[in-house]
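Just below is one structure, and these are the notes that go with it.
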Amino acid sequence: MAHIHMTRSQFHHDDLTLSYLDTGGEGQPLIALHALWMEAATYTRLVAALSPEWRVIAMDQRGHGYSDHALSYTRKDYIGDVAALVEHLQVDKAVLLGNSLGGVNAYQFAAWHPERVKALIIEDIGAAPDADASFVLAWEGIFPSREALEEHIGQRLAPYLLDSFRSTPNGWRLAFEPREMLESQAQLNGDHWADWLATRCPALLVRGKESRITTQDHCEQMAARRPNTRLVTLDGGHVVHQDNPSGFADIVREFLHEL
């Protein structure tokens, strides 16, 4: 698949400088929102599958990637950042795609700003998340080598964090602050059914068959209770677009083609 160049740009909101990757071009806008600990670069492979019909804009959300660290990580903060990005891009309506944290941000943004959302693609997150992220505190600090950091995180999770590895004069660290991720997760946990059910735009809900974060039963309820929603379960875990890139790209392309 051809590599599509994405340009890194930034905008300002809430006294923060927020960074994003953008394919540019004349395609229809699709805003991609990554999971906790991850960053915009996670969507570069998907971009090639959607170009040039879709202009993909992937944001480093507050506290992640090349965006500034923030003083707070409430639901209102994250949704406000998405609203500021939409304003900055001057797009009338966009498709929102989000994984995990990004998925809740996508459907909550749609609930609060329905006129700005054409469709939703929600990747492996429920309507009532309840996860314990306290284990990330062990990842704090600077490590002597890239290998040491990778080993410390462990082979199950390290592949999802490679984009977030940063070299410093003193060693290797993560782009995010684990304590801030803990705060983000605490604010993310809760009952968001009302926001999930608030909109009727077309929605694709993608679940990873091996996910430890969602259950098939919960995702089936989400699809049954919200009109205009299609559930697809694919091989893969919580980060379906990375575990099963071709399967994810195919189903997303098919959904977008039907809009």
Side-chain angles (χ1 to χ4, degrees), residues 13-14 18 30-38 42-43 58-59 61-64 70 72-86 93-134 136 176 180-208 211-234 237-241 252 255:
H13 175 243
D14 210 10
L18 299 170
L30 182 147
I31 294 172
L33 303 171
H34 60 74
L36 204 65
W37 330 327
M38 298 183 77
T42 187
Y43 286 114
M59 174 163 64
Q61 299 182 86
R62 59 173 55 209
H64 296 78
S72 76
Y73 291 90
T74 64
R75 298 284 74 233
K76 190 166 172 253
D77 291 332
Y78 274 113
I79 308 310
D81 293 342
V82 179
L85 174 63
V86 170
K93 264 190 172 195
V95 172
L96 260 58
L97 180 158
N99 177 205
S100 196
L101 163 76
V104 178
N105 293 349
Y107 70 67
Q108 283 196 312
F109 175 82
W112 301 6
H113 304 277
E115 72 290 348
R116 306 308 290 267
V117 180
K118 181 174 181 168
L120 289 168
I121 300 165
I122 306 299
E123 181 185 355
D124 206 69
I125 194 68
D130 180 22
D132 175 11
S134 55
V136 303
F176 57 82
E180 295 176 8
M181 298 300 104
L182 201 58
E183 176 62 20
S184 274
Q185 184 65 57
Q187 297 280 351
L188 182 67
N189 289 341
D191 183 334
H192 307 309
W193 272 105
D195 286 328
W196 170 247
L197 298 174
T199 56
R200 291 173 172 263
C201 65
L204 172 66
L205 178 59
V206 181
R207 176 170 188 265
S211 172
R212 303 178 183 205
I213 301 295
T214 60
T215 65
Q216 190 65 21
D217 178 60
H218 182 84
C219 291
E220 283 171 6
Q221 282 185 52
M222 286 173 74
R225 289 178 62 184
R226 185 188 181 280
N228 225 358
T229 304
R230 178 183 175 200
L231 169 64
V232 176
T233 304
L234 296 175
H238 182 49
V239 187
V240 191
H241 71 267
V252 166
F255 172 74

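Quick note: numbers below take in every heavy atom, side chains included, and nothing from hydrogens, waters or symmetry partners.
Between A198 and A111, the shortest heavy-atom contact is CB-CB, 3.8 Å. Residue W196 comes nearest to A203 through the heavy atom pair CH2-CB, 4.3 Å, listed as atom of the first residue, atom of the second, then distance. The shortest heavy-atom contact between G126 and Y107 is O-OH, 2.8 Å. Here the closest non-hydrogen pair linking D195 and Q108 is OD2-NE2, 2.8 Å. Minimum heavy-atom separation, P202 to K118: CD-O, 3.5 Å. Residues C201 and A119 come closest through the heavy atom pair SG-CA, 4.0 Å.
Partner of L120 under the side-chain contact (heavy atoms from CB on, under 4.5 Å) criterion, out of L96, L204, V95: L96 alone. Test I31, V104, V86 against F109 for side-chain contact (heavy atoms from CB on, under 4.5 Å) and you get one pass: V86. When each of L33, D81, L85 is paired with Q61, the side-chain contact (heavy atoms from CB on, under 4.5 Å) condition holds for L33 and for no other.
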Could you check V82 against M59 for side-chain contact (heavy atoms from CB on, under 4.5 Å), going step by step and ending with a plain yes or no? CA-CA 9 Å; V82 179; M59 174 163 64; 4.1 Å; yes
*Going through the checks in order, is the side-chain contact (heavy atoms from CB on, under 4.5 Å) test met by L205 and E123?*
CA-CA 6 Å; L205 178 59; E123 181 185 355; over 6 Å; no
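Proximity of a side-chain donor or acceptor of H192 to a complementary backbone N or O of A128 within less than 3.5 Å is not detected. A distance-only check finds a donor-acceptor pair linking the side chain of R62 to the backbone of S72 [under 3.5 Å]. Side chain of D124 to main chain of G208: a donor-acceptor pair is present (N/O by atom type, distance under 3.5 Å, no hydrogens or angles). No donor-acceptor pair under 3.5 Å is formed between the side chain of N99 and the backbone N or O of H34. Checking side-chain atoms of R200 against main-chain N and O of N228 turns up no donor-acceptor pair under 3.5 Å. With S184 contributing its side chain and L182 its backbone, the two residues share no donor-acceptor pair below 3.5 Å. In terms of modelled atom types and a separation under 3.5 Å, the side chain of S211 and the main chain of I213 share a donor-acceptor contact.
Checking S134 against D132 by side-chain atom types alone, a donor-acceptor pair falls below 3.5 Å.
Atom CH2 of W112 is separated from atom OG1 of T199 by 13.5 Å, given to the nearest 0.5 angstrom. Going from atom CD1 of I122 over to atom CG of L231 covers 12.5 Å, rounded to the nearest 0.5 Å. Taking CG of L36 as the reference point, atom CD of E180 lies at 11.0 Å (rounded to 0.5 Å).
Remark: D191 pairs with no residue by the side chain to side chain donor-acceptor pair (under 3.5 Å) rule, at least two apart or across chains. Taking the side chain to side chain donor-acceptor pair (under 3.5 Å) definition, one finds that Q216 meets it with R207, E220, T233, sequence neighbours left out.
A heavy-atom distance below 4.5 Å is found between the side chains of T42 and H241. Side-chain contact between L101 and Q185 is absent, with no heavy-atom pair separated by less than 4.5 Å. Here the side chains of T229 and M222 are not in contact, with every heavy-atom distance at 4.5 Å or above. A 4.5 Å side-chain heavy-atom check between R75 and I79 finds at least one atom pair inside the cut-off. Within the 4.5 Å cutoff, the side chain of Y73 has no heavy atoms near those of the L188 side chain.
In this pair, H64 and Y78 present their aromatic rings tilted. The plane angle is within the 30 to 60° band.
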